[in-house]
Visitor: 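One structure follows; several queries about it will come next.
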Protein chains: 2
Amino acid sequence: MQKKLTIQDIARLAGVSKATVSRVLNGNPSVDGELQARVMRIVQEHGFVPNITAISLAGGQTHLIGVLAPPLVWPALPEIIRGVAEYIENTTYEIVLYSINFANVELNHSDVLNRVLTLRLVSGLLAIFPGEVTAHLTKHYQHGLPLVLINDQEEPGHIPWVGIDNRASANAATRYLLEQGHQRIAHIRGPQQFYWANERFAGYQQAMQEAGITPEPELLIQGGFEPLHGRQCAEHIFSRERADWPSAIFAANDQMAYGILEYAEQQGIRIPEDITVIGFDDNILSAHMRPPLTTVRQPFYEMGHKATELLLNMIDPDHHMGEKGTVKGPTRPRSEQTPLASQEAPVHLQLPTSLVIRASSDKAAISLNT
Amino acid sequence: MQKKLTIQDIARLAGVSKATVSRVLNGNPSVDGELQARVMRIVQEHGFVPNITAISLAGGQTHLIGVLAPPLVWPALPEIIRGVAEYIENTTYEIVLYSINFANVELNHSDVLNRVLTLRLVSGLLAIFPGEVTAHLTKHYQHGLPLVLINDQEEPGHIPWVGIDNRASANAATRYLLEQGHQRIAHIRGPQQFYWANERFAGYQQAMQEAGITPEPELLIQGGFEPLHGRQCAEHIFSRERADWPSAIFAANDQMAYGILEYAEQQGIRIPEDITVIGFDDNILSAHMRPPLTTVRQPFYEMGHKATELLLNMIDPDHHMGEKGTVKGPTRPRSEQTPLASQEAPVHLQLPTSLVIRASSDKAAISLNT
DNA sequence: TTGTATGCGTTATCAC
DNA sequence: GTGATAACGCATACAA
């Protein structure tokens, strides 16, 4: 482990002052083009990497972004975080993971948040499904904390936010069922306190209405979000006369659809021959269900990717690295950069979803797909 | 966002020099007991938290540990990382996540590693299933990088390491089957380049031998690690005469057992009535299979937890926080602390496994368990 | 355009 | 025991 080079060493090698090296490193345009090139060459040659710790002490960015995440067993998280990580890979920033455990009562969420904020370790925060801490976060955002949310549990507020259009997606999914000739389509709702659940329900209703159909009240079933809830709803549905069954069930999320599939299999109810089932999310397991589940695909990877891009643009518009592994080249001076995120109009990024048609809704697809 | 307190402010409030405050904060015993108490009180009252950035610049630790992890979709990872996170929660350290994507060829693993090391951002590294980078890591460990491995793919070397006794665990699982009266027990091996696979196979063989049984060669089947591999092996087994079927199958991991379960279900083969199936790992899904899978439980959470403890002990034996949220109280001065991890004897921590008996091996358990 | 000097918040090495 | 004071590596206001 050879001694680490400092900006001072580079300055000596280049025959300039360390202030100049610093300027070059930060892309200050006031440096002479010639000189800048020479310094950069030396920097490259020696593989010089500035000390992040010193940078942040001296008042710059910490080059660390915090990722506030719920338990990683949540189906969407690995993909979201992969998106974050792969974006970060091409920047000079690193991820500080704050994994919050929703089961832990003693150490509640705002404690974690306090820790994040009092330490001032990170230059910005990406909050994934923050649940109850959202209010706290909002306050800190207004006080200047660069923040991006991935959150479908509440209606988007004034914080930069990345997500999907739940209503339109559910509408499209329902229309697909209608186009397949289904008329009696049941919907298993998610918990009413969740924005996504209400939006998806609204999308379903809207599509039905547009088709001139008023679904029977018996087909609107209040579920939850776990397989067990789906299973219970399935029991309810299939306990009726066979003639009263719907011809299709649209579950508000994949997890509940799993419960339906399971119950159907146990009861010898064939899918899709006897009844069609579709979900929402396209969790990693959905393609491997029996039968593979038709569902609305949420672009989780892209959500992580875009959210990170958004956040870094708020913090440091010139965060992108030039060559991999090297320091970034000349950029705009920090003074010219957009100052504070909270001063700009809030950005709401709605990413497109897609309907993934699999065997649970399509006899022709039974032998085909994944 | 009120201005952040500095050690200087505390010094003024306490009527001492900042050097003394620093001493108190670091538990230097040379401070007068009275004074120390007074300073600590003021620190507590004002909720003073020292600036980590400054600490690390001044030559201390960065209070950041790197976690090198494969894709989070790997079944064991959420639990391992939960273990890491929950341990970290009670320290003054934070997690820097280096999520490495095994599919990405351009940016190979040692690139990520270089980044970790040249940046010198982290005080130590926890490498989870590092695969091919292990050799690189070993080198850097010998050069002084505090490092702990969670790795079952190769035989433990001279690096501190946390894992299980695969051989003994497989032995115990096999003995369980023998005690259930099984004689013809098939084993689906994992890939031979993996340490865990060979150890589990050895454990199986050993148990059979101890029972005085030499398994027929047809019952020793080379598998892989994915459900598909298990499925293929199942096809192979069940393609024989019914009389030639084994009465139990021990798959080297849960994933392959899933494939067996799936194939059996499709073929109408009942488990455990027609044949017993057990796995290894106790992935999160295993309890929810149909039927629930009997398996050897790896304590993933504890592995993450213990590995982190080990790493932090190497870096900073006094890393534990006193009261939650406050700075740590008096501790031993840094000079008395054990200097470098690599000078100590390598620690190999073998955590206990347990056999989780579920319906796939136990008729009595069919209606019971999770 | 470039160099000099100061500050960031802490630890550590001296003196006293 | 305690207090100045010099690093630590960089950014930046101010000079030149």
Side-chain angles (χ1 to χ4, degrees), chain A residues 3-12 14-39 43 48-63 92 118-121 123 316 318 327-328 330-331 333-337, chain B residues 3-12 14-39 43 48-63 92 118-121 123 316 318 327-328 330-331 333-337:
Chain A
K3 186 79 185 67
K4 191 129 197 300
L5 288 174
T6 75
I7 206 175
Q8 185 67 272
D9 299 320
I10 302 298
R12 196 179 320 112
V16 297
S17 76
K18 55 180 194 170
T20 298
V21 177
S22 175
R23 291 192 187 96
V24 172
L25 257 23
N26 292 293
N28 189 317
S30 71
V31 243
D32 180 82
E34 192 85 9
L35 216 193
Q36 167 181 301
R38 196 171 87 235
V39 172
V43 166
F48 169 73
V49 179
N51 181 321
I52 291 189
T53 297
I55 292 179
S56 63
L57 219 211
Q61 300 299 338
T62 60
H63 281 225
T92 55
T118 64
L119 230 42
R120 276 187 174 57
L121 219 205
S123 303
D316 171 11
D318 296 310
V327 319
K328 65 181 181 209
T331 54
R334 203 172 302 285
S335 50
E336 284 184 20
Q337 296 174 10
Chain B
K3 186 80 184 68
K4 192 130 194 301
L5 287 176
T6 77
I7 207 175
Q8 184 67 272
D9 300 320
I10 302 297
R12 196 179 320 111
V16 296
S17 76
K18 57 180 193 170
T20 298
V21 177
S22 175
R23 290 192 187 97
V24 172
L25 257 23
N26 292 292
N28 189 318
S30 71
V31 254
D32 180 81
E34 193 84 10
L35 216 192
Q36 167 180 301
R38 195 172 87 235
V39 173
V43 166
F48 169 72
V49 179
N51 181 320
I52 291 190
T53 298
I55 292 179
S56 64
L57 217 214
Q61 300 300 337
T62 60
H63 281 226
T92 56
T118 63
L119 229 43
R120 275 187 178 59
L121 217 206
S123 302
D316 170 11
D318 295 311
V327 319
K328 67 184 179 206
T331 54
R334 204 173 300 285
S335 51
E336 284 183 20
Q337 295 173 9

Visitor: Between P on dT11(C) and CG on L57(B), what's the gap in Å once rounded to a whole number?
Guide: 12 Å

Visitor: Looking only at side-chain atoms of N26(A), point me to the closest of dG9(C), dA11(D), dT13(C).
Guide: dA11(D)

Visitor: Nearest to the side chain of F48(B) - dT10(C), dG3(D), dG9(D)?
Guide: dT10(C)

Visitor: Check whether any side-chain nitrogen or oxygen of S22(A) sits under 4.0 Å from OP1 or OP2 of dC10(D), and answer yes or no.
Guide: no

Visitor: Should T6(A) and N51(A) count as side-chain neighbours, where that means a heavy-atom distance under 4.5 Å?
Guide: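 They are not in side-chain contact.
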
Visitor: Roughly how many Å is it from NE2 in H63(A) to C1' in dG9(D), rounded to a whole number?
Guide: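 Result: 14 Å.
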
Visitor: From the list dG3(D), dT11(C), dG3(C), which nucleotide is the closest neighbour of the side chain of A19(B)?
Guide: dG3(D)

Visitor: Let me know the distance between CG of D316(A) and P of dA11(D), rounded to the nearest Å.
Guide: 12 Å

Visitor: Under 4.0 Å: is that the gap between some side-chain N or O of S17(A) and OP1 or OP2 of dG3(C)?
Guide: yes

Visitor: Measuring to OP1 and OP2 of dG3(D), would you say a side-chain N or O of T20(B) lies under 4.0 angstrom away?
Guide: yes

Visitor: Give a yes or no on whether the backbone of N28(A) and the side-chain of N26(A) come within a donor-acceptor separation of less than 3.5 Å.
Guide: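 No.
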
Visitor: Taking S56(B)'s backbone N and O only, do any of them form a donor-acceptor pair with T62(B)'s side chain (distance below 3.5 Å, no angle check)?
Guide: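 Absent.
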
Visitor: Could you state the CD-C1' distance from Q61(B) to dT10(C), rounded to the nearest angstrom?
Guide: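 Spelled out: CD on Q61(B) to C1' on dT10(C) is 14 Å.
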
Visitor: Nearest whole angstrom, please: distance from the C1' of dA7(D) to the CD1 of I55(B).
Guide: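 These atoms are roughly 16 Å apart.
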
Visitor: Could you tell me whether I52(B) contacts a base, only the sugar-phosphate backbone, or nothing, with contacts defined as non-hydrogen atoms closer than 4.0 Å?
Guide: nothing

Visitor: I want to verify a distance call: between dT11(C), dA13(D), dC8(C), whose nearest atom is closest to the R23(A) side chain?
Guide: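 Given the options dT11(C), dA13(D), dC8(C), the side chain of R23(A) is closest to dA13(D).
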
Visitor: Can you identify which nucleotide, out of dG3(C), dG9(D), dA6(D), has its nearest atom closest to the K18(B) side chain?
Guide: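 Nearest nucleotide to the side chain: dA6(D).
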
Visitor: To the nearest Å, give me how far apart CZ (R120(A)) and C1' (dG9(C)) are.
Guide: 13 Å

Visitor: Could you check which of dT1(C), dC10(D), dG1(D) has an atom nearest any side-chain atom of D32(A)?
Guide: dT1(C)

Visitor: Rounded off to whole Å, could you give me the CG-to-P distance for the N28(A) and dT1(C) pair?
Guide: 10 Å

Visitor: Could you walk me through whether L57(B) and T53(B) satisfy the side chain to side chain contact (heavy atoms under 4.5 Å, CB included) test, starting with their C-alpha distance in whole Å, then the side-chain angles of each, then the deciding distance to 0.1 Å, before giving a yes or no?
Guide: CA-CA 6 Å; L57(B) 217 214; T53(B) 298; 5.7 Å; no

Visitor: Partners of R38(B) by side chain to side chain donor-acceptor pair (under 3.5 Å), sequence neighbours excluded?
Guide: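 Applying side chain to side chain donor-acceptor pair (under 3.5 Å) to R38(B) gives none.
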
Visitor: Applying a 4.0 Å non-hydrogen cut-off, can you work out what V21(A) is touching in the nucleic acid: base, sugar-phosphate, or nothing?
Guide: nothing

Visitor: Between L35(B) (CG) and dT2(D) (C1'), how many Å, whole number?
Guide: 8 Å

